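Everything numeric here is computed off the predicted structure, so don't read it as measured data. Proteins get letters first, then strands, A, B, ... in listed order; numbering begins at 1 in each. Both backbone and side-chain heavy atoms feed into the values below; hydrogens, waters and symmetry mates do not.
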Protein chains: 2
Amino acid sequence: MTGHDVAAHAGVSQSTVSLVLSGNPKARIADETRERVIEAARELGYRPNLLARGLVQRRSFALGIVVPELDNPFFTEVVSGAERVAGEAGYGVLLADSGQIPAAEHVMRLRERQVDGVILAGVPVETMPDEALADANVVVVDEPTGRYPGVASDATGAGRKAAEHLLSLGHRSLAFMGPADPSYTFRMRERGFVQALREAGCAITSPLLRRAPASVAGGDRAMAALLALEVPPTGLFCANDLMALGALKACAAAGVRVPSELSIVGCDDIEMARYVTPELTTVMVPARGLGARAARLLLLTLDGRDTGALSGKPLEVEFVSRQTTAPPPRREP
Amino acid sequence: MTGHDVAAHAGVSQSTVSLVLSGNPKARIADETRERVIEAARELGYRPNLLARGLVQRRSFALGIVVPELDNPFFTEVVSGAERVAGEAGYGVLLADSGQIPAAEHVMRLRERQVDGVILAGVPVETMPDEALADANVVVVDEPTGRYPGVASDATGAGRKAAEHLLSLGHRSLAFMGPADPSYTFRMRERGFVQALREAGCAITSPLLRRAPASVAGGDRAMAALLALEVPPTGLFCANDLMALGALKACAAAGVRVPSELSIVGCDDIEMARYVTPELTTVMVPARGLGARAARLLLLTLDGRDTGALSGKPLEVEFVSRQTTAPPPRREP
DNA sequence: AGCGGTTGCTCATACGTATCACCAAATACG
DNA sequence: CGTATTTGGTGATACGTATGAGCAACCGCT
């Protein structure tokens, strides 16, 4: 089932079929011919071979997206948002879940498939060999590089909002937990949090700054360490929701009541934040929006359109008050 | 950067380059020539154009996967499993998140991209027009069709195990919640549960059989309805974990204590099941395994290998005892 | 020396589409 | 009526790769 078959069936040449079905609308085709071709294509159920089209047009109308792990709901949402936008624009999406293979290799594979562009989310772009990204259309999610266009959320704002909320509740003994090898976004969340505390004259001390993998298990471990301190904090900000869920779990295991004994604020607002008990107070980061925006930015770039507008300002984050925060317990009850 | 460039650089023809770099190993190439070509390719950073290869070989070495929603962690895991297996075999993965567009349309788009096969997970295959799947390599996840090869989990077994557990704890007043338009798998989970109850002389009555979307919100609503009954059940089996999380949430909101007042069993064992409080007792369905197996089955089919072995027996499910089940409260305390 | 067989490579072509150059017929124009 | 212009289409080619046919050189054997 090729364009030639349709041509034969409609009594025209393959060129004409191509012009009718995918050529630009300014092609001069008689209405009657156009009808015949379209009808023939419909009857035969013709679908163009996008490999062939891609080969000659040097555009595959597909884009790749690389994430470190689909397990993390945050990245799932990014993918979901990007997929939607790409799909609506007629683009296909090639997914690469980093896993064992280094991200750079994934990018190379995607480029072999001639993707028109690549979205990188949560991968350490700075550590990738230059050649992998050389003259590729790349959009980086939530990790401003200065070298590639990107979309980001207001990460320092996220940390700041968490701090402001906890401070306003009266907390003064605050802790933070985040990954040991933080990505840009995690660094900024931490910085925003720490700076806001400092400005309020409430510096964070080293034992209250825990490093652990940004996962539920990591949060669990870090929380256990915090609870083992001589004077545990009364409030906690976690680099992401997964860690916060782990912290919540550790508290439940240790019999520490949230929020009456300890207030916890997460970050991302993954769906699960609403479904745990108590519901997690967090800072909403528009993951799906980031993915969608990344895709839009990429598509605009491919069309050679101006990208300044989209690339510019970070996406707003929003504090979401739920049930894991409350005023600190009174001292020496 | 094409094979011709490499050829020129190595002083051979493009054919030779092709033979060296991707031709079958039985091609007769002098060692010295082979070296030269490989070296030239390395120097130039040559990567073959898979579109061109796909066009001539009539195989794209890519497969498509269609899911109804990436939001559901179950499907995320299926995708993740399939992606891993495909990636290791050198296949690319085109993702289609159903969303607004009907699944059949997604399949057509994937086929335009010449995917070698398609994995369908959670899409209503029976309602798809035949032409969409005509002479395509299809593997259906968890929905035996009789027309297409598929991989499935032991869904009746899942329902049965949930029933057996609750019965063995002493429950006699049991409820079920599942979607109103159940897929095959959901129907079988329900059937296994109901049958096991019946065999134990403990039939389930109609008001204890709730229909709601298989989501957290749906579970929440259904649970609220159950709690409003004159005699609420002491035990509950949910068609999937998302519903169970919703039920848990509704209980928390209504002040019903789990598991002392009500036992809840979910199904799937999504990651979150471990992280809610109390931890969710559930039946583990190997989602990642299903995805991996679907991919393997598809790849074998593409190689023209025998597929009987893989297609055969459903994957085992496993009861996972956690914290949401306990003996029923004594009557009239 | 003569000859079949093997080795090592190249030539030409096909895959299915888009697109440029070109052409015949029809039409406009003075 | 002769010529410029437009209309509506076709033919040929290119995209980058794989691959069967073919070919020259060399080998082993009698």
Original post:
Name the one of B/Leu133, B/Asn137, B/Val139 that satisfies side-chain contact (heavy atoms from CB on, under 4.5 Å) with B/Tyr148?
Top reply: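 Considering B/Leu133, B/Asn137, B/Val139, a side-chain contact (heavy atoms from CB on, under 4.5 Å) with B/Tyr148 is found only for B/Leu133.
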Does [N] have OP1 or OP2 under 4.0 Å away from a side-chain N or O of [X]?
X	N	result
A/Arg53	C/dA18	yes
A/Ser18	C/dA18	yes
A/Gln57	C/dT17	no
B/Arg58	C/dG16	yes
A/Ser22	C/dA18	yes

Original post:
Do A/Thr16 and A/Ser13 get their side chains close enough for a donor-acceptor pair, meaning under 3.5 Å?
Top reply: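 A/Ser13 and A/Thr16 do have a side-chain donor-acceptor pair below 3.5 Å.
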Subject >> Modelled atom types, side-chain donor and acceptor of B/Arg109 and A/Tyr91, under 3.5 Å >> reply: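 No, no side-chain donor-acceptor pair sits under 3.5 Å.
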For the side chain of [X], counting heavy atoms from C-beta on, which of [options] is nearest?
X	options	result
A/Ile29	D/dT17, D/dG11, D/dG9	D/dG9
B/Arg28	D/dG22, C/dA18, D/dG16	D/dG22
B/Ser15	C/dG16, D/dT17, C/dT10	C/dT10
A/Thr16	D/dT10, C/dG16, C/dT17	D/dT10
B/Leu19	D/dG16, D/dT19, D/dT10	D/dT19

Original post:
Among residues 30-44 of chain A, which contact DNA chain D at a heavy-atom distance under 4.0 Å?
Top reply: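 Within residues 30-44 of chain A, the residues near DNA chain D are A/Ala30, A/Thr33.
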Original post:
What's the CZ-C1' distance between B/Arg113 and C/dT17, to the nearest Å?
Top reply: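 These atoms are roughly 15 Å apart.
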**OP:** Whole angstrom is fine here: how far is it from CZ in A/Arg59 over to C1' in C/dT19?
**Re:**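 So the CZ-C1' distance, A/Arg59 to C/dT19, works out to 16 Å.
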**OP:** Could you tell me whether B/Arg288 and A/Asp71 make a salt bridge, using a distance below 4.0 angstrom between a side-chain N and a carboxylate O?
**Re:**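 A salt bridge links B/Arg288 with A/Asp71.
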Original post:
Does B/Val56 or B/Val12 map to a spot on DNA chain C nearer the 5' end, using the closest nucleotide for each?
Top reply: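 The 5'-side residue here is B/Val12.
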